Each structure stands twice: as structure tokens, then as C-alpha cells.
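What you see is a predicted model; the values in this text were computed from it and never measured. Because only heavy atoms are used, hydrogens play no part in the values below, and waters and symmetry mates are left out as well, while side chains stay in.
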Amino acid sequence: FQYSRLTGIDFSNLENDITLGSSSFASMTGLETLQTNNVITYGNSCFGSNLNLTSADITYNGVNDVKFLSSVFDGCTSLTTVNIPDRMKSFLNSNFQGCTSLKTLDLSSTNITGIGGNNFRSSNGSSQYHGIDVNLDNGKLTAIGNNNWQGSQLITGVTIPSTVDQFGNYNFNNCLYGFRYFGSGLNRVTFESTSLTSIGSNNWQNSDILGVDLPPNLQSLGTYQFNMSANISQWGRLSGISFPDSMQNMLDANFRYQRKLTNVEWGQAGNFTTMRNFNFAYCDRLLSGIGDSVLRLPEGLNSMGNSNFYNCYSLEGIELPESLQIIGNDNFAFLGVTAGAPWLSQPLIIPSGIITMGNKNFKTNNGIFELRISNGFKGTIGNENWQDCQITNLYIDFSGLEGTFGNLNFGNNEAFADIEISCPYSAWVGTNNFGNRFSPATFKIHPNFINDYTNGNAFSGSQGLIDGDVITTI
């Protein structure tokens, strides 16, 4: 019947249940109404691309299960009304994709246990004038696939029922510009499910989501969940996120370029152990106006990858937990870089339990009032970690050091006033760690350390010691 000019189809008087094959009534140029009360299987694209179809009555009163395969009403851009049968059980992929006139869909009386992918999204997943408000709460739904609301500008909220224990990827990806153009974007997604411990990846990437109630037993956040591309980051609206106590890890770039994100609440149970890479990079309003604007990472955190808080320049301080053992590279670089805006007067303390710290982790930060590398520190620190900072007071206790200390770690610091190094020898130190200073400082150093520096270690390099430096012994 492709390209047929029939305006209506009515199967309601057939005596037996029937199956419709693939594309059996697709792309009809005149079809406007549909009544199929005895169909139990809808084949792939069986009514797809009927551009003039406005209503579909597919209720069913029999005893068999009803199945939607894929793309049943895909591309029916004029469809405004559809009645889903209570006996509906199977609901695969792309069934209402691109149905731009359909505003609501009620699945609450169905027997559907799983929803595939692409079912309610815009025609190609890009941000479009589109949005289907779907009631999913049938008491039976356990699985939601991928891309289901992708590109929908007009949805304002979705509730994921308590029965769901599988949730895929990209489900709200590209739900963008609804607030910009229509004053109401994706405001909230609420997870009622207590069975979900993970929620896929990229689900709100490049979305203007305002808030999410994460699953109460979530353990892993995945990757790129709320990541914004740099060129559209001004349209992100996420202002806060609260993690449940069950949270254990987040992988990569989950909140990168969320430039309105200010408040983060960590779980309190000590389960959060791992933060991989770029998770809050370029969140330049993080903790702005929230208390004292000090980032307090959760106790229990054991490992950080790279660049997690890179360029979060509204932060005014950091508290690292004693549980932290591994820090990668660039994690806190370019914080507090606003000229004349020093960090809080509390010390920045590097915990004694650190095993490995990479490179450039605190590079280019204005106004670190005091830095302490803790008593009992035994680990290894790489290169340039505090280069180009404005550290006033520095206290290092390496009396129990077993690792090494790299190069240029305190280079280009112009604000040093007091430097105290508790270490009986300088073999741990690379080159030029105090180089390129322009203001003299007072050094308090173990006498063996003073004897060693002339051998080319602790103070070697350009202006390792400068005129006006005062050296005393501990």
C-alpha cells in the first residue's frame, strides 16, 4: 500500500487476531486515521512515514500479548493521538521516533517490561522542536535502552519508575535549547528505582537539564553524563548535584563545562573511592557563593586521575582527604587565578598517605597562603606541581621520605616569605625547584640539606637562591 491515497484503515471487524508485516502500510500519502483492534504483532515500519496520519486506535481486547517490533510509527509527523493496548508487552526500537506532533503517551496500563532504543526521540537525535511526555509507571518495566528522548527540546521532566534496574546511554542527550527558545527546557529527571547501581553514559550530554535526582543506590556514574561541549556551554543550566551514600566511582568528564554548576554534595558513607579524569574541568563557578567556597573532597576518596578540577577558578581552597593515595596530573591547575583574590588563610595540606602525585596538579594558582606537605610523607611527587603559584609560606616534612621529588615544583613563585624543609638530605630533590623567584625568602633547612644543595640538587637552576635569601638551620 506504499504511496496509496487511502485515508483510513479499519480492522476492527476481523474475527481473528492478525500480524502486520514489515512496511505493510508505510509511506501512504493519504492515510489519516487507523483502527486495528485485533492486531497482535506490528512489524517493522508497518505504519512508518505516514505523514498525514493523525490518530491511531490500536486498543486490543483479546487474550494474547501485543508486540511492537521497531519503527512502527517512525516519522508520522502529524500523529497526535494513539491508544496503546493494555496487553502490549514488547516495545523495541524507534517506534515513535520523529512523531513531532505527539505530546503524550500513556504506557501505565501496559505489560511492557522493556523499552528498546530511540523510541521517543527527535527524527535524528539532534535538538529539535519535539517532546513526548511518557508515563512509564506500569509496575512492570525493568529495562530502558538507549537514546529514547534524545534531541527533545519540549520535554520538561521524566520519572524513571522504581521497577527499572537497567538504564542505557544517551537517553536525554542533546535535549538542548528548550529553555533558550521556549522558556522551558528539561527541568528534572527523577529516578525512583532502588535497583539501579549504574546508569550508562552520556545521558545528559549537551542537555539543558536543570536537575537530576540520582538513583538512591547508585554506585557508578559512568562517563560524559552531563558533559557540555565548550561552544554551547553557556546554555547548560545544571546548578547542583547530590550523590547518594552508595556512590563509589565516577569515570570521565561527567560535568565538564557545566559552567553554572555551583553546589556538589558528596555521599557521607566513605564509599566514594575513585574519580578518574576531567570530571569537573572548566566548572568555573563551582562553589561560588557556597559557604567559604572550599572544595572538600569526600573522605574515602583513594584515587584521582587527571584534570578533574582544572580551571575551576571560583574555588578558594581545597581540603584533600587523608584517604587519598594517588593523584594524576593537572587536577587543580588554574584555580583561584583571579588577580588579587587569594585563597583562604587555611593551609593547603598534602596528606601523608599520598603514594604518587603526578605533574602540574596545582600549577598557576594565585594566593596559596600556606602549603604543608605533611609529616610522615613517604610518596613520590612529579614535576611543576606548584609552579607559577603565589605561595607565601611553605612547610615540608620529608624526614621519612622514601620516594622522590621532581623538578620545578616551586618555580616562579614570587610571594615566598617562609620556607621550612625538614629533611636530612637533598637527594630526593630534582632541579630548579625554587628557581626563577624575584622576592627573597627565609629558609629553615636541615644542615645536611644545606651542605648538599651546592652539589647541584635542591637549589640548582636559574636563581635557585637569590640575593636577600636568608638560610637558617632547623
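- With hydrogens and angles ignored, the 3.5 Å screen pairs a side-chain donor or acceptor of Asn308 with a backbone N or O of Arg276.
- For the pair Arg256 and Tyr282, the NZ or CZ position fails the cation-pi test of under 6.0 Å to the six-membered ring centre and within 45 degrees of the ring normal.
- Summarising the geometry, atom SG belonging to Cys175 is positioned 11.5 Å from atom CZ belonging to Arg121; distances are rounded to the nearest 0.5 Å.
- Side chain of Asn254 to main chain of Gly222: a donor-acceptor pair is present (N/O by atom type, distance under 3.5 Å, no hydrogens or angles).
- Checking Gln258, Arg259, Lys260 one by one against Asp284, the side chain to side chain contact (heavy atoms under 4.5 Å, CB included) holds for a single residue, Arg259.
- With hydrogens and angles disregarded, a donor-acceptor distance shorter than 3.5 Å links the side chain of Gln268 to the backbone of Trp266.
- In this structure Phe167 satisfies the ring pair (Phe, Tyr, Trp, His ring centres under 6.0 Å) test together with Phe191, sequence neighbours excluded.
- Looking at Asp213 and Thr190, their side chains do bring a donor and an acceptor atom within 3.5 Å of each other.
- Applying the side chain to side chain contact (heavy atoms under 4.5 Å, CB included) test to Asp74 and every residue at least two apart in sequence or in another chain returns Ser71, Ser94, Gln97.
- Note that the NZ atom of Lys89 and the CD1 atom of Ile112 stand 11.5 Å from one another [nearest 0.5 Å].
- In this structure Ser303 satisfies the side chain to side chain contact (heavy atoms under 4.5 Å, CB included) test together with Ile326, sequence neighbours excluded.
- Put simply, the side chain of Ile396 reaches to within 4.5 Å of the side chain of Ile373, judged on heavy atoms.
- With a 4.5 Å cut-off on side-chain heavy atoms, Thr156 and Phe182 do not count as touching.
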Residues Val134, Phe96; criterion side chain to side chain contact (heavy atoms under 4.5 Å, CB included); working and verdict: CA-CA 11 Å; Val134 185; Phe96 293 96; over 6 Å; no
Yes or no on side chain to side chain contact (heavy atoms under 4.5 Å, CB included) for Phe309 and Met304, after CA distance, side-chain angles and deciding distance? CA-CA 10 Å; Phe309 296 92; Met304 296 180 68; 3.9 Å; yes
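- With contacts defined as side-chain heavy-atom distances shorter than 4.5 Å, the pair Phe362/Ile350 qualifies.
- Asn118 and Asn93 form no side-chain donor-acceptor contact under 3.5 Å, judged by distance and modelled atom types alone.
- In the model, Ser220 has a side-chain atom that pairs as donor or acceptor with a side-chain atom of Asn249 under 3.5 Å.
- Between Gln150 and Asn173, the side chains place a donor N or O and an acceptor N or O closer than 3.5 Å (distance only, hydrogens not considered).
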Determine, stepwise, if the pair Tyr129 / Tyr181 fulfils ring pair (Phe, Tyr, Trp, His ring centres under 6.0 Å). CA-CA 10 Å; Tyr129 185 83; Tyr181 293 131; over 10 Å; no
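- Counting only heavy atoms from C-beta outward, the side chains of Phe255 and Val264 never approach each other to under 4.5 Å.
- Counting heavy atoms from C-beta outward, Ser314 and Leu286 have side chains that stay 4.5 Å or more apart.
- Between the side chain of Asn203 and the backbone N or O of Ile199 there is at least one donor-acceptor pair closer than 3.5 Å.
- Ser193 places a side-chain N or O within donor-acceptor distance of the main-chain N or O of Val164, the cut-off being under 3.5 Å.
- No salt bridge links Asp330 with Lys363; every basic N to acidic carboxylate O contact stays at or beyond 4.0 Å.
- Around the NZ atom of Lys378, the shell of radius 6.0 Å holds no more than 12 heavy atoms that belong to other residues, nucleotides or ligands.
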Give the intermediate values and the outcome of side chain to side chain contact (heavy atoms under 4.5 Å, CB included) for residues Leu320 and Leu301. CA-CA 9 Å; Leu320 301 177; Leu301 185 65; over 6 Å; no
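- Shown are Phe120, Tyr170, Trp204; of these, the ring-ring contact (aromatic ring centres under 6.0 Å, His included) with Trp149 is made only by Phe120.
- Distance alone, capped at 3.5 Å, is enough to place a donor-acceptor pair between the Asn95 side chain and the Leu69 backbone.
- Paired with Asn385 under the rule side chain to side chain donor-acceptor pair (under 3.5 Å), one option of Asn331, Asn329, Asn409 passes, and it is Asn409.
- Judged by distance alone, with hydrogens and angles left aside, the side-chain atoms of Thr262 form no donor-acceptor pair with the main-chain N or O of Arg285 at under 3.5 Å.
- A side-chain donor-acceptor contact under 3.5 Å links Ser127 to the backbone of Leu176.
- Using a 3.5 Å distance cut-off with no hydrogens or angles, the side chains of Asn169 and Asn202 do not pair a donor with an acceptor.
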Before giving the answer on side chain to side chain contact (heavy atoms under 4.5 Å, CB included), spell out for Arg237 and Asn187 the whole-Å C-alpha distance, their side-chain angles and the decisive distance to 0.1 Å. CA-CA 9 Å; Arg237 296 193 299 151; Asn187 290 328; 3.1 Å; yes
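- The aromatic rings of Phe73 and Phe68 are tilted relative to each other, their planes meeting at an angle between 30° and 60°.
- The environment of Tyr224 atom OH is sparse: at most 12 non-hydrogen atoms of other residues, nucleotides or ligands sit within 6.0 angstrom.
- A side-chain donor-acceptor contact under 3.5 Å links Asp208 to the backbone of Phe179.
- A donor-acceptor contact closer than 3.5 angstrom links the side chains of Asn302 and Gln325.
- In terms of modelled atom types and a separation under 3.5 Å, the side chain of Ser246 and the main chain of Leu218 share a donor-acceptor contact.
- Looking at Phe278 and Tyr310, their side chains never come closer than 4.5 Å, going by heavy atoms from C-beta outward.
- Gln128 and Ser123 are linked by a side-chain donor-acceptor pair at a separation below 3.5 angstrom, with hydrogens and angles left out of the test.
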